[in-house]
Undergrad: 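Take a look at this one; I'll ask things after.
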Amino acid sequence: MPTTPGEAAARVEQALKFLDGRWKLEILFQLFGGRVQRFSELERAIPDVSQKMLIQQLRGLERDGIVRRVVYPEVPPRVEYALTEWGQALCPALDALLRWAAVRGALPVS
């Protein structure tokens, strides 16, 4: 655990970089709850994302150990995405952020 406020800030900033990307949070919310989705299902669930961008975001999440990609040796190949255990552990943190933002959303902006 961090011992100074500076170390704590650096750790949180590092953690937020894992989620940096226009579509990463939306992908995570599509996969929470143990859901397994094929690439085409994610494309349909997030209609505004381009195929290229979805591939890039999924690769980044996979590289960071948040998403697991499984390729089945079929013709045509079937590719499924799911959260790793570490990725699924993000759910409570993001739920807490949602609750925090909801409270702020109810307050007047100054």
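Just so you know, these numbers come straight off a predicted model, no measurement behind them.
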Undergrad: Check ring-ring contact (aromatic ring centres under 6.0 Å, His included) between F18 and all other residues, then give those that pass, not counting sequence neighbours.
TA: W86

Undergrad: Would L90 and L83 count as a side-chain contact (heavy atoms from CB on, under 4.5 Å) if you check the C-alpha gap in whole Å, the side-chain angles of each, and the deciding distance to 0.1 Å?
TA: CA-CA 10 Å; L90 277 168; L83 294 177; over 6 Å; no

Undergrad: How many angstroms lie between atom CG of D48 and atom CZ of R22, to the nearest 0.5 angstrom?
TA: 7.5 Å

Undergrad: Checking one residue: L16. Which other hydrophobic residues are in its cluster under the side-chain 4.5 Å linking rule?
TA: V12

Undergrad: Not counting sequence neighbours, list each pair that qualifies as a salt bridge (Lys or Arg N to Asp or Glu O under 4.0 Å) and has a residue in residues 76-87.
TA: E74-R78, R78-E80

Undergrad: Could you tell me the separation between the CZ atom of R99 and the CG atom of L94, rounded to the nearest 0.5 Å?
TA: 10.5 Å

Undergrad: By side-chain contact (heavy atoms from CB on, under 4.5 Å), which residues pair with V75, not counting sequence neighbours?
TA: none

Undergrad: Do you know which two heavy atoms are closest between T84 and G65, and how far apart they sit?
TA: OG1-O, 2.6 Å

Undergrad: In a table with atom names and distances, give each donor-acceptor pair under 3.5 Å that connects a side chain of residues 54-64 to protein atoms at least two apart or in another chain.
TA:
from	atom 1	to	atom 2	distance (Å)
Q57	OE1	W23	N	3.3
Q57	OE1	K24	N	3.4

Undergrad: Examine W100 and V103 and state if one hydrophobic cluster contains both, with Ile, Leu, Val, Met, Phe, Trp and Tyr joined whenever side-chain heavy atoms are less than 4.5 Å apart.
TA: no

Undergrad: Ignoring hydrogens and angles, write down the donor-acceptor pairs under 3.5 Å from the side chains of residues 28-43, residues two or more places apart or on other chains.
TA:
from	atom 1	to	atom 2	distance (Å)
R35	NE	Q30	O	3.2
R35	NE	F32	O	3.2
R35	NH2	F29	O	3.0
E41	OE1	R38	N	2.6
E43	OE2	Q51	NE2	3.4

